[in-house]
Asks: 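Input: one structure, supplied below.
Reminder, nothing fancy here: chain letters follow the sequence lines and each chain counts from 1.
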Amino acid sequence: MKKKDINKIEQEMKLANSGLSEKEKTLFSNARPAPVKPLNKYLEKFLNWARAESLWILGYGTGCGAIELRPLMTSRFDIFRYGIAPRPTPRQSSVFIIGGYASLKTIKRIVRSYEQMQGPKFVIALGSCTINGGMYYDSYYTINRIDHYIPVDIYVAGCMPRPESLIAGFDKLKENIKAGECDGMNRYAENFDWYKNNQKKIIKDWDMPDYNW
Amino acid sequence: MEEILKELKQRFSIKDPEKKRDDLHFVKIEKKDTIAVLTYLKHYGGFTHLAFLQAVDRIEDEKFQLTYMLYNYKLKINLAVKVLIERYQAEMTSIHKLWAHAWQYQRELKEMFGINFPGSPRVDESFVLEGWSEKPPMRRDFDTLEYSTKTYYQRPGRSTNDPKKYMKKKLYKNFAKSPDNGRKNG
Ligand code: SF4
């Protein structure tokens, strides 16, 4: 291949960031997310154990289900017993709990926060609204399936699920992480175009970078 | 309250005053009187507080019904003032000079029902919907199920129970006799 062609392909691999103004374009990266390969078997196993035992959740509640996070974090259910702690910013957290329905306005923030979280990151989707729209299935402003917009590792069904079921969900998540099955982040990177297409189909006023590093 | 209503009746054309509770009254007025009635109520009737401004889409009559809910702190009485306006190219006088916070309600009505309030501050900015390009969603001829099916991805296998049938079958055998059941549209 000629050097010119390679340059061209590289250029196409870059994100267009067309939602940004010329000035803002210089401020954001235009590289794509890349899948991360697991390390060698034993090291990865150890790391997965460590990841599973220190889940830090992003304190961002998106729907009615977020009300269940308060008793979970405070003395009644005290999630800290399980090594799970709420964190204030996406950069510090590894678990994103989608607490129920996501409206268009929220999904925009969800995508932004999810992309800003550092890997490895996991998503728990709470409540029937995230699974198939729940009682808002016919609403004009509520999306029906969250898994078309961001990758989901665990669903907790119910409307709304009690903190106990959420704890059960965390247990399942830990199991899956230890088994090395929670690869949502890689799925996102591999099917990046598909996810972006879905997101851009509904978010009409796209005014953020294509990928928020 | 009776006195205030009497005074109102003498000054403006008022239709079917209605007493729902001791502290909740309804009156209907004409569109052209709106500002006059509201100003009168605010400055002479003691209804100094605008609790909310909402709209109802009366699509059968081709009208929007606006409800101004006022509150009198001295008498502790709510008074709802209802106005009918045309549905086609709906437009209403802004009341942000009477109650400054009304601009926010008007902005919401503009977005959700498409009722214009010329001169109201920031009325054209989006309120909760971001990047909305369809018909205002609270209008009753906007089909939200159709829009949702078209726009969002449905997960197959979803099933629904009609609550009425389900309750009749399972729990409340006498549900068919309950007074609510004959009503149209729930
Ligand atoms: S599943 Fe139920 S509780 Fe959860 S967000 Fe939806 S409606 Fe609310």
Asks: Applying salt bridge (charged side-chain N to carboxylate O under 4.0 Å, His left out) between A/D210 and each of A/R32, A/K196, A/K200, report the one that passes.
Replies: A/K200
Asks: Is chain B contacted by the side chain of A/I143, its backbone, both, or neither, given a heavy-atom distance below 4.5 Å?
Replies: both
Asks: Output the option from A/I131, A/I202, A/D147 having the highest count of non-hydrogen pairs under 4.5 Å with chain B.
Replies: A/I131
Asks: Among B/G157, B/S148, B/G131, which residue has the highest count of heavy-atom pairs closer than 4.5 Å to chain A?
Replies: B/S148
Asks: Quick one: is the NZ or CZ of B/R58 closer than 6.0 Å to the six-membered ring centre of B/F64, and within 45° of its axis?
Replies: no
Asks: Under 6.0 Å from the ring centre and within 45 degrees of the ring axis: does the NZ or CZ of A/K174 meet both conditions for the six-membered ring of A/F122?
Replies: no
Asks: Between A/K178 and A/E175, does any side-chain N to carboxylate O distance fall below 4.0 Å?
Replies: no
Asks: Using a 4.5 Å heavy-atom cutoff, which residues in residues 105-120 of chain B come close to chain A?
Replies: B/M112
Asks: Is A/K105 positioned over the aromatic face of A/Y141, cation under 6.0 angstrom from the ring centre and no more than 45 degrees off axis?
Replies: no
Asks: Heavy-atom distance under 4.5 Å to chain B: side chain of A/Y149, backbone, both or neither?
Replies: side chain
Asks: Measuring heavy-atom distances to chain A, does B/Y147 have an atom under 4.5 Å in its side chain, in its backbone, in both, or in neither?
Replies: side chain
Asks: What are the two closest heavy atoms between A/T62 and A/G99, and how far apart are they?
Replies: OG1-N, 3.2 Å
Asks: Counting heavy-atom pairs under 4.5 Å to chain B, which of A/G134, A/S103, A/S128, A/G133 comes out on top?
Replies: A/G134
Asks: Carefully, step by step, assess B/W99 and B/H49 under the rule ring-ring contact (aromatic ring centres under 6.0 Å, His included).
Replies: CA-CA 8 Å; B/W99 287 281; B/H49 176 64; 8.5 Å; no
Asks: Quick one: what part of A/T142 sits under 4.5 Å from any heavy atom of chain B, side chain, backbone, both or neither?
Replies: backbone
Asks: Working note: B/T34 + B/Y68, criterion side chain to side chain contact (heavy atoms under 4.5 Å, CB included); need CA distance, chi angles, decisive distance, verdict.
Replies: CA-CA 10 Å; B/T34 316; B/Y68 299 84; 3.9 Å; yes
Asks: Which heavy atom of B/I4 sits nearest a heavy atom of B/G45, and at what distance?
Replies: CD1-O, 3.6 Å
